[in-house]
Number of protein chains: 2
Amino acid sequence: MGELLAGLIDVELQSGSTETLTRQLYDRLRATILTGALPPGHRLPSSRELARQLGVSRNTVSFVVDQLVMEGYLDVAQGRRPTVAAAANAGLAAGRPISRGEPRALRTSRWAERLRKADWPFASEGRPKPLAPAHADARAFPHDIWARCLRRAARHALTGMAAVNRASLQAALLRHLVEHRGVRAEARQIIVMPSAQASIELIARVLLNAGDIAWLESPGYGGARAALEAAGAAVRGVALDRSGLAFKGRRDQPRLIFVTPSHQHPTGRLMPVHRRQELLTLADEVGAAIIEDDYDSEFHYDGRPVAALQGLDDTGRVFYVGTFSKSTFADIRSGYAIVPPNLVDVFETAQRHSGQIVPAPMQDALAEFIDDGHFAAHIRKMTRIYRARRDRLVQALGAAAGDHLRIEPPAGGMQLLAHLDPHHDDRDVSARLAEAGVTARPLSRHFTGAITGQGLFLGFAAWNEQEIDTAAAVIGRVLRELAVSSGARKRRRKA
Amino acid sequence: MGELLAGLIDVELQSGSTETLTRQLYDRLRATILTGALPPGHRLPSSRELARQLGVSRNTVSFVVDQLVMEGYLDVAQGRRPTVAAAANAGLAAGRPISRGEPRALRTSRWAERLRKADWPFASEGRPKPLAPAHADARAFPHDIWARCLRRAARHALTGMAAVNRASLQAALLRHLVEHRGVRAEARQIIVMPSAQASIELIARVLLNAGDIAWLESPGYGGARAALEAAGAAVRGVALDRSGLAFKGRRDQPRLIFVTPSHQHPTGRLMPVHRRQELLTLADEVGAAIIEDDYDSEFHYDGRPVAALQGLDDTGRVFYVGTFSKSTFADIRSGYAIVPPNLVDVFETAQRHSGQIVPAPMQDALAEFIDDGHFAAHIRKMTRIYRARRDRLVQALGAAAGDHLRIEPPAGGMQLLAHLDPHHDDRDVSARLAEAGVTARPLSRHFTGAITGQGLFLGFAAWNEQEIDTAAAVIGRVLRELAVSSGARKRRRKA
């Protein structure tokens, strides 16, 4: 039987280091047993004989045999040569799969099914093209300075387990947020998260049980809808008026209310103070939490940035959510949430549990980047650039498609909403534009419940003047073509 | 009334840049309105008069007034001076909080309550002390080389949105895992996660509904129990025999089975091939998924590392989980899971949704670290060091406490289990050791269901020879003291 063994495996043994030979012999012998080519009970030659047949050292053979005995592929009785173990290839004989029939498929959870059905994130968009919204211009970011901060942070890494949320970043970020966003908090309330989306998801999980009612602006942010629905919430769309969320007269009692008060997503509207206070009063009355997503409020062009809703809250129910992915670049995958003081512990436990953590060197590098003034300088620079791009897009769209679009120019942020006449199907327009190389998200996808408007949601921040002009021209051409063909249809219908 | 206004705010205005003055005036005027010191309907002086009173430029005043009008703090009627808006301080008059009574507390979810109750992670341990298990020796890691990899990766960052799981790391890691761990997969099946814990948590969420049965080794890994329970699973502890999970004769049908087949946690035992195949057969029969947590199998000291269970699976039901936090250093916060090919999409969606993502520069840096051979070299180096430390701990414990402990020396990994006589209370021993500066996790905390053993779970990897000797001496002393006092009690009882 020694010949059989050698015939099965020696062709594979190539010369090399002992380590390489050992691994080859182990892999081949193990595979030979697993496929059933060496039947159970088969007795191996002596290690001396095997070494001779295979042209390897006796030590190598002994090592491999010991390993296979330990793993249960071979049996040894005292003083006898090893045999192939009975159990080693049960069901695997001659390469047959373990299962007789088709493998039984794994069922995924209801949570996974809800995620699959959510139309967010817009995975189909692929690599961003003009005028994809929600993107910062990563080309203008000082990657070299950032890389140096990262290197320094990595070299000075602690040798113990660092805190989930680094005090260095909490302190630097708090100073920034107090000065620029008017938040009120202690540093320890800052939870450093991989993204704003992760923050919303974690807050929803910590606060909501299945069936709890959550309010969402309609039109609103699809990512929030996906997060709330995944947490099992009954998500109710609340319509907007000029002051934002218009909840007067509603009788349902939410557990959670999601708002974007500084630049409403997607309309760009500002929620004025009276509505903010009504919202805080209502939330306190019904015991609801509020998530304030302040995703791109660093960039404000007309007047000062509007202070955060969180700073008006005296009752510890506003969760402030922000992100570095708009203020620096998307791939930084770092954001933050400010949570009420009495919930810091449970959030840190939840973070540790789910791994929604930003690596320590990233946090330390961000702290240095903020403390050394690079962050504020970058925001100032990008504010100038983005303001010019907003103006450029408003002007270019007006010139190219002014007859077909009503633009709502935002006072800040990275994107704008261009309303279409209601007879348009914005998904159709969006699809036509995608074919022409322009990304324009349909407004109708942002509604929860009744769709009461058609429009295009367009980003200007990540795109330079030429890209903006080209895209605006394409939008104008596509809308004219659609108007002509729709006119032709109407004429045919009349005739 | 101009005097009132000036009296309220001018003391706060310090000289400075226009930007500083603007912010000060805005902040003070807004606060004055919010507290009700300026009542609704109160008419402001003209901007010329205000500028004179406050000693600032008229432009500054106009800018601030426009901002407050936009935010709804002030009303303007055409051609008239602005008045304080009626709604601006509703409920906030004279600094009174919005809520009449106590703020209504936020209720946390059942999920959050389950997390709070879980006794994992061992947060109480604080900064790791000898002989805390599950820690790598971060002092021996080449932080400088790693920092250079990180810097290079950050400088070469893409300017678009990178993939959640970077192809560079997937390819490098797959080569490593095929060669060293015997896994079988395509690169795209590798999901890069912040930790092994996050991987287990995400797999549980994607696969389990509330009430589904999950099997866990008992004794087993507390982090897995916490993750499965948080996902709502009915977690059943399955006892171990010499070959690991002893499930023969059980009638309950699990949806998920969690195992550590290479170095069972905490016993260090190896699951031999016959048990592996029985497990795969059973899982296929009942349609269960298997999580193979291969947390520290890079480090194997007696013989070759045992190939992964995943490599034996022909039915796509084994989820392979690994981590860099043992093979490099804990704060790297990077791990990975190999998921079945047909579930890659849903896992990527879930990752994006929850932010359980490793930042792109970390992934690219890890890819370079692996490709350039630094990772394999570090593992080789640490294998030598850890083997010596294992031997040292076994020997030191034998010398210092051999009468009180039965050590199960593991063939690999970073920790060992020392059994105590059943009359000991290992939590008591652990508490006494903690007072003496030594971390020793009680075995009894690792059981799910019946506690069938008492022992100490001790790490040797992160601690040098001197730390090991000192800790072993402390363990010997504490166990002798406990034996003496227990003997004294017995004698008293007899007398």
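Keep in mind that the numbers below use all heavy atoms, side chains included, and drop hydrogens, waters and symmetry copies. Chain A is the first sequence line, chain B the second, and so forth, proteins listed ahead of strands; every chain is numbered from 1.
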Looking only at heavy atoms and a cut-off of under 4.5 Å, which of B:D302, B:D345, B:L68, B:L106 has the most pairs with chain A?
B:L106

Side chain, backbone, both or neither of B:F141 within contact of chain A (heavy atoms, under 4.5 Å)
neither

Specify the closest pair of heavy atoms between B:T349 and A:L115, including all atoms of both residues, with the distance to one decimal.
CG2-O, 4.1 Å

Euclidean distance, B:H274 NE2 relative to A:D75 CG, rounded to 0.5 Å:
9.0 Å

Shortest non-hydrogen contact between B:F63 and A:G303, atoms and distance
CZ-CA, 3.5 Å

In terms of heavy-atom pairs under 4.5 Å with chain A, which of B:R148, B:R116, B:R255 leads?
B:R255

Gap separating the CZ atom of B:R275 from the CD atom of A:E71, nearest 0.5 angstrom
15.5 Å

Does a side-chain heavy-atom distance below 4.5 Å link B:P359 with A:S334?
no

Shortest non-hydrogen pair, B:Q197 vs A:R352, comes out as CG-O, 4.1 Å

Quick one, B:R151 and A:L150 - any side-chain contact, counting heavy atoms below 4.5 Å?
no

Quick check on B:L208 against chain A: is it the side chain, the backbone, both or neither that has a heavy atom closer than 4.5 Å?
backbone

What part of A:V64 lies closer than 4.5 angstrom to a heavy atom of chain B: side chain, backbone, both or neither?
neither

Most contacts with chain B, counted as non-hydrogen pairs under 4.5 angstrom, among A:A196, A:A230, A:A350, A:A360:
A:A350

B:R155 and A:A147 have their tightest heavy-atom pair at CG-CB, 3.3 Å

Salt bridge check, A:R23 against B:E179: does any charged N sit closer than 4.0 Å to a carboxylate O?
yes

Heavy-atom check, side chain of B:R205 versus side chain of A:R205, under 4.5 Å:
yes

Kindly determine whether A:E113 and B:V346 satisfy side chain to side chain contact (heavy atoms under 4.5 Å, CB included), including the steps that lead there.
CA-CA 9 Å; A:E113 293 312 310; B:V346 68; over 6 Å; no

Is atom CZ of A:R107 surrounded by more than 12 heavy atoms (other residues, nucleotides or ligands) closer than 6.0 Å?
yes

Measure across A:P361 and B:D331 and return the closest heavy-atom pair with its distance rounded to 0.1 Å.
CD-O, 4.3 Å

Toward chain B, the part of A:R276 with a non-hydrogen atom under 4.5 Å
neither

Only pairs of heavy atoms separated by less than 4.5 Å count here; which of A:G223, A:P272, A:P340 has the most with chain B?
A:P272

Spell out, as yes or no, whether a donor-acceptor pair under 3.5 Å connects the side chain of A:S109 to the backbone of B:V206.
yes

When the 4.5 angstrom heavy-atom criterion is applied to B:M70 and chain A, the contacting part is both

Note: vs chain A, highest number of non-hydrogen pairs under 4.5 angstrom among B:S325, B:A283, B:A227, B:A210 is B:A227

Residue part contacting chain A, namely of B:D212, when any heavy atom lies under 4.5 Å:
side chain

Contact winner vs chain A - B:M193, B:E285, B:E348, heavy-atom pairs under 4.5 Å
B:E285

Nearest atoms (heavy-atom pairs only) where A:G355 meets B:A198:
CA-CB, 3.9 Å

Checking heavy atoms, do the side chain of B:R152, its backbone, both or neither come under 4.5 Å from chain A?
neither

Could you state the interatomic distance from CZ (A:F347) to OG1 (B:T108), rounded to the nearest 0.5 Å?
9.5 Å

Check each atom of B:D66 against the heavy atoms of chain A and say whether the ones under 4.5 Å are side chain, backbone, both or neither.
neither

Per-residue tally against chain A (heavy atom, under 4.5 Å) across B:L270, B:V358, B:L202 peaks at B:L270

Is it the backbone or the side chain of A:A307 that comes under 4.5 Å from a heavy atom of chain B, or both, or neither?
both

Contact part of B:L343 toward chain A, heavy-atom cut-off under 4.5 Å: side chain, backbone, both or neither?
side chain

Rounded distance (nearest 0.5 Å) linking atom CE of A:M362 with atom CZ of B:R333:
13.5 Å

Tell me whether B:Q356 contacts the main-chain N or O of A:S354 through its side chain, where contact means a donor paired with an acceptor under 3.5 Å.
yes

